[in-house]
Amino acid sequence: MTKNDNIQTQQQTPMPNPDLKSLDRLVGTWKVSGGAQGTVTYEWMEGGFFLIQYFDLELEGHKVKGIEVIGHLKSFDGQSSDDIKTRIYDNMGNTFDYVYELNGDTLTIWGGEKGSPAYFQGTFSEDGNVNAGAWHYPGGGYDSTMTRVK
């Protein structure tokens with residue numbers, strides 16, 4: 001490999017969108033309490049393009065386990081989505097899409113698309129080890145708190 005080949009390789013190496021780094025504060029294992037109870041763990045996929053959430057929750061009397069892949073969607077033409085989008089896959093056969101948004105200490109998770117009437121909004125504590133808020137959706141909702149356990 002020549003020096004020019006090495007420079008060209010470096011220029012072609014894709015880099016994650018810098019806004020994903022705002023989600024670093026989610027990395028770790030959290031105890032969830034409130035309307036849903038259990039644990040969630042967030043970890044970066046190799047390369048830093050996607051944050052993976054593993055969840056093991058009890059919600060409305062159902063044991064719900066699954067994964068969520070969080071990052072920017074990229075189309076076949078190479079264009080990335082502006083929003084941080086996700087898809088959940090669970091043991092009940094569900095696939096749900098969300099949009100993550102973090103402004104300061106406020107985490108908003110929109111159901112479907114940004115601006116949806118179904119969303120979670122919670123605020124991180126000063127030390128970053130608690131996120132307390134609520135899920136809201138037409139006809140209901142519930143309080144939810146995540147407390148970091150590691």
Side-chain angles (χ1 to χ4, degrees), residues 9-125 127-138 140-150:
T9 300
Q10 288 175 354
Q11 290 173 346
Q12 292 176 356
T13 302
M15 298 297 295
N17 188 315
D19 68 350
L20 290 171
K21 294 305 278 178
S22 69
L23 300 180
D24 266 348
R25 63 197 316 178
L26 290 170
V27 172
T29 299
W30 302 77
K31 177 184 175 190
V32 177
S33 59
Q37 298 189 34
T39 59
V40 297
T41 299
Y42 290 90
E43 63 183 42
W44 287 108
M45 178 184 266
E46 186 175 337
F49 289 92
F50 298 99
L51 185 64
I52 308 298
Q53 178 191 184
Y54 301 91
F55 55 92
D56 184 352
L57 300 169
E58 186 167 320
L59 177 62
E60 298 176 353
H62 299 282
K63 189 78 165 165
V64 183
K65 289 182 160 189
I67 62 169
E68 179 178 26
V69 180
I70 305 162
H72 288 276
L73 299 181
K74 189 183 276 188
S75 62
F76 285 109
D77 66 4
Q79 297 298 311
S80 291
S81 63
D82 291 332
D83 294 329
I84 298 172
K85 299 196 172 207
T86 81
R87 172 150 295 169
I88 283 181
Y89 305 89
D90 72 23
N91 64 316
M92 309 282 282
N94 295 308
T95 58
F96 296 121
D97 295 329
Y98 294 93
V99 173
Y100 272 58
E101 181 177 47
L102 188 58
N103 288 320
D105 289 330
T106 301
L107 173 65
T108 305
I109 305 171
W110 303 97
E113 295 296 326
K114 196 172 182 177
S116 166
Y119 66 94
F120 168 82
Q121 191 162 67
T123 304
F124 283 97
S125 62
D127 67 4
N129 290 322
V130 175
N131 183 289
W135 281 96
H136 307 270
Y137 46 86
Y142 59 88
D143 291 339
S144 182
T145 300
M146 293 192 325
T147 304
R148 187 184 308 276
V149 294
K150 62 178 176 173

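Positions are given from 1, in the same order as the sequence printed here. Just the heavy atoms: all of them, side chains too, but no hydrogens, waters or symmetry mates, feed the values below. What you see is a predicted model; the values in this text were computed from it and never measured.
Side-chain contact between Val69 and Arg87: absent, with no pair of heavy atoms (C-beta onward) separated by less than 4.5 Å. Lys85 is not listed as a side-chain neighbour of Asp97, based on a closest heavy-atom distance of 4.5 Å or more. Side chains of Ser22 and Tyr100 form no contact here, defined as non-hydrogen atoms less than 4.5 Å apart. Ile109 is not listed as a side-chain neighbour of Val99, based on a closest heavy-atom distance of 4.5 Å or more. Contact annotation: the side chain of Ile67 never approaches that of Phe55 to less than 4.5 Å [non-hydrogen atoms, C-beta and beyond]. Side-chain contact between Ile70 and Ile84 is present, with at least one heavy-atom pair separated by less than 4.5 Å. In this structure, the side chains of Tyr89 and Asn94 stay at 4.5 Å or more apart for every pair of heavy atoms.
Partners of Trp110 under the side chain to side chain donor-acceptor pair (under 3.5 Å) rule, at least two apart in sequence or in another chain, are Glu101. Evaluation of the side chain to side chain donor-acceptor pair (under 3.5 Å) rule for Thr86 yields Glu68 as partners, not counting sequence neighbours. Judged as a side chain to side chain donor-acceptor pair (under 3.5 Å), and not counting sequence neighbours, Asp82 has no contacts. Listed by chain and number, the residues in a side chain to side chain contact (heavy atoms under 4.5 Å, CB included) with Thr123 are Asp105, Thr106 (sequence neighbours excluded). Judged as a side chain to side chain donor-acceptor pair (under 3.5 Å), and not counting sequence neighbours, Glu58 has no contacts.
Distance CG/Asp56 to OG1/Thr29: 11.5 Å, rounded to 0.5 Å. Taken to the nearest 0.5 Å, the OG1 atom of Thr108 stands 9.0 Å off from the NE2 atom of His136. Here the CD1 atom belonging to Ile52 is positioned 7.5 Å from the CD atom belonging to Glu43, to the nearest 0.5 angstrom. A distance of 11.5 Å separates OG1 of Thr39 from CE of Met146, quoted to the nearest 0.5 Å. The distance from the OG atom of Ser80 to the CG atom of Leu73 is 8.5 Å, given to the nearest 0.5 Å. Here the CG atom belonging to Leu107 is positioned 6.0 Å from the CG atom belonging to Leu26, to the nearest 0.5 angstrom.
With hydrogens and angles disregarded, a donor-acceptor distance shorter than 3.5 Å links the side chain of His72 to the backbone of Ser81. Judged by distance alone, the side chain of Asn91 and the main-chain N or O of Lys63 form a donor-acceptor pair under 3.5 Å.
Residues in residues 140-150 take part in these side chain to side chain donor-acceptor pair (under 3.5 Å) pairs, two or more places apart or across chains: Asn129-Arg148.
Judged by the 6.0 Å and 45° rule, Arg25 forms a cation-pi pair with Phe124.
Counted within 6.0 Å of NZ on Lys31, heavy atoms from surrounding residues, nucleotides or ligands total 12 or fewer; the atom is thus considered open.
When all heavy atoms are compared, the tightest approach of Val40 to Gln53 is CG1-OE1, 3.1 Å. Across all their heavy atoms, Gly111 and Tyr98 have their closest contact at CA-CD2, 3.6 Å. Between Trp44 and Leu20, the closest heavy-atom pair is CH2-O, 3.3 Å. Nearest heavy-atom pair across Leu59 and Ala36 is CD1-CB, 3.9 Å. Pro16 approaches Gly47 most closely through the heavy-atom pair CG-O, 3.3 Å.
In this structure, a donor-acceptor pair under 3.5 Å is absent between the side chains of Asn131 and Trp30.
Ring geometry for Trp135 versus Phe120: interplanar angle of 30 to 60°, hence tilted.
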